[in-house]
Chemist: 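Let me give you the structure first, and then I'll get to my questions.
Everything numeric here is computed off the predicted structure, so don't read it as measured data.
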Amino acid sequence: QGAAAGMGYRPMAITAPSQGGLQQYTNPYESQVVQQSLNDLERSRLMAQNVGGAQAGAANAFGGSRQGIAEAETNRAFADQAARTASGLRQAGYDRSTQLAGQDIATRMQAGLANQGSNLQAGTTSAQLAQQRALQNQSALNQAGQFGASAANQAAMQNQAALNQARQYGAGATNQASLANQAARN
């Protein structure tokens, strides 16, 4: 959790698009298309009734029960076809908008995954660089420590050599003084 938070990882919640969310994917001309289709069906219905009325008039049966039944059947067929047409067009529009919304969600998910991969790579690179920097600093400290120890050893050896020379000189002087005193006593 700490490393993930440090790299800015934020899990995404994936939800189905709401009806309001689908609005942006809906064809803005869908209502006009549906209305034009219904207008075309209505025109066909009126033409069928005019033909039926003309046929009834030619048969001297205009306004009779057969004409009424024929008009009712024409109206029923119109209503059925109008319902199928409107629902089919709206269903196709809804399906298309959900498909586009799904593609948009998939695209956002892919972008999120790519960003997470980039963030992970950047975090890994930063960690590697920090580790290299720490190793280089440790190496420099080790070299400085070795140089300091070597210099201290050399200084101690030179001091010891100087002390040995001074002692030898002092011992030689003491021996000469002792010999001189001895010679003076004899």
Side-chain angles (χ1 to χ4, degrees), residues 1-140:
Q1 182 182 7
M7 287 189 269
Y9 171 72
R10 294 182 321 253
M12 290 177 50
I14 305 301
T15 58
S18 65
Q19 186 62 33
L22 287 178
Q23 188 64 33
Q24 63 184 329
Y25 303 104
T26 302
N27 183 347
Y29 302 107
E30 180 179 311
S31 292
Q32 288 92 335
V33 170
V34 170
Q35 190 58 51
Q36 184 59 49
S37 297
L38 293 178
N39 289 344
D40 291 346
L41 286 173
E42 173 66 9
R43 190 166 76 63
S44 294
R45 182 188 73 84
L46 291 175
M47 286 172 44
Q49 284 187 344
N50 286 340
V51 168
Q55 288 174 347
N60 289 327
F62 187 78
S65 61
R66 287 186 182 183
Q67 182 187 3
I69 292 172
E71 284 184 4
E73 277 301 307
T74 301
N75 290 338
R76 185 194 57 77
F78 162 76
D80 289 347
Q81 185 60 40
R84 281 193 300 273
T85 299
S87 65
L89 289 171
R90 293 195 191 281
Q91 179 65 41
Y94 178 80
D95 289 346
R96 180 68 178 144
S97 62
T98 57
Q99 180 186 24
L100 291 172
Q103 289 172 353
D104 196 28
I105 289 170
T107 300
R108 282 186 274 137
M109 286 177 60
Q110 286 175 344
L113 288 173
N115 288 337
Q116 287 175 7
S118 295
N119 287 340
L120 180 61
Q121 182 63 36
T124 301
T125 300
S126 295
Q128 288 172 343
L129 291 174
Q131 186 178 21
Q132 286 176 353
R133 186 175 56 245
L135 288 173
Q136 288 171 347
N137 288 341
Q138 186 62 43
S139 176

Chemist: Check side chain to side chain donor-acceptor pair (under 3.5 Å) between T85 and all other residues, then give those that pass, not counting sequence neighbours.
Modeler: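 Here the qualifying residues are Q81.
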Chemist: Residues two or more places apart in sequence or in another chain: which of them pass side chain to side chain donor-acceptor pair (under 3.5 Å) with R66?
Modeler: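 Residues passing side chain to side chain donor-acceptor pair (under 3.5 Å) with R66: none at all.
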Chemist: Just to verify, what does Q55 make a side chain to side chain contact (heavy atoms under 4.5 Å, CB included) with, not counting sequence neighbours?
Modeler: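 Applying side chain to side chain contact (heavy atoms under 4.5 Å, CB included) to Q55 gives V51.
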Chemist: For T125, give me all partners under side chain to side chain contact (heavy atoms under 4.5 Å, CB included), at least two apart in sequence or on another chain.
Modeler: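 Scan of T125 (side chain to side chain contact (heavy atoms under 4.5 Å, CB included), adjacent residues dropped) gives Q121, L129.
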Chemist: Please collect all side-chain hydrogen bond (donor to acceptor under 3.5 Å, both in side chains) contacts where either partner lies in residues 38-48, sequence neighbours excluded, each pair once.
Modeler: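 Matches after skipping sequence neighbours: Q35-N39, Q36-D40, E42-R45, R45-Q49, R45-N75.
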Chemist: Taking atom CD of Q131 as the centre, does the number of heavy atoms from other residues, nucleotides or ligands within less than 6.0 Å exceed 12?
Modeler: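 Count not over threshold, so no.
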Chemist: Mind checking side chain to side chain donor-acceptor pair (under 3.5 Å) for Q91 and listing every partner two or more places apart, or none if nothing turns up?
Modeler: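 D95.
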Chemist: Not counting sequence neighbours, which residues clear salt bridge (charged side-chain N to carboxylate O under 4.0 Å, His left out) with D104? List them please.
Modeler: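 For D104 the salt bridge (charged side-chain N to carboxylate O under 4.0 Å, His left out) partners, ignoring immediate neighbours, are R108.
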Chemist: Test of understanding: with side chain to side chain contact (heavy atoms under 4.5 Å, CB included), list the residues that count as partners of S97, not counting sequence neighbours.
Modeler: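 With sequence neighbours excluded, S97 shows a side chain to side chain contact (heavy atoms under 4.5 Å, CB included) to L22, Y25, T26, Y94, given in chain and number order.
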Chemist: Under the rule for salt bridge (charged side-chain N to carboxylate O under 4.0 Å, His left out), what residues qualify as partners of R76, not counting sequence neighbours?
Modeler: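 Once residues adjacent in sequence are excluded, the partners of R76 under the salt bridge (charged side-chain N to carboxylate O under 4.0 Å, His left out) criterion are E73, D80.
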Chemist: What pairs with R90 under salt bridge (charged side-chain N to carboxylate O under 4.0 Å, His left out), at least two apart in sequence or on another chain?
Modeler: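 Salt bridge (charged side-chain N to carboxylate O under 4.0 Å, His left out) check on R90 returns E30.
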Chemist: Has S139 got a side-chain atom pairing as donor or acceptor with L135's backbone, closer than 3.5 angstrom?
Modeler: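 No, the answer is negative, given that no donor and acceptor are paired below the 3.5 Å cut-off.
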Chemist: Taking only residues at least two apart or on different chains, which pairs with a member in residues 110-139 satisfy salt bridge (charged side-chain N to carboxylate O under 4.0 Å, His left out)?
Modeler: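 Pairs touching residues 110-139 that pass the test: none.
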Chemist: Could you work out, with side chain to side chain contact (heavy atoms under 4.5 Å, CB included) as the rule, every residue matching A48, not counting sequence neighbours?
Modeler: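 With sequence neighbours excluded, A48 shows a side chain to side chain contact (heavy atoms under 4.5 Å, CB included) to T74, given in chain and number order.
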Chemist: So which heavy atom on A82 is nearest to which on L41, and how close?
Modeler: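 Between these two residues, the closest heavy atoms are CA-CD1, 3.5 Å.
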Chemist: Please examine the side chains of Q116 and L113, heavy atoms only from C-beta on, and report whether any two atoms are closer than 4.5 Å.
Modeler: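 L113 vs Q116: side chains touch.
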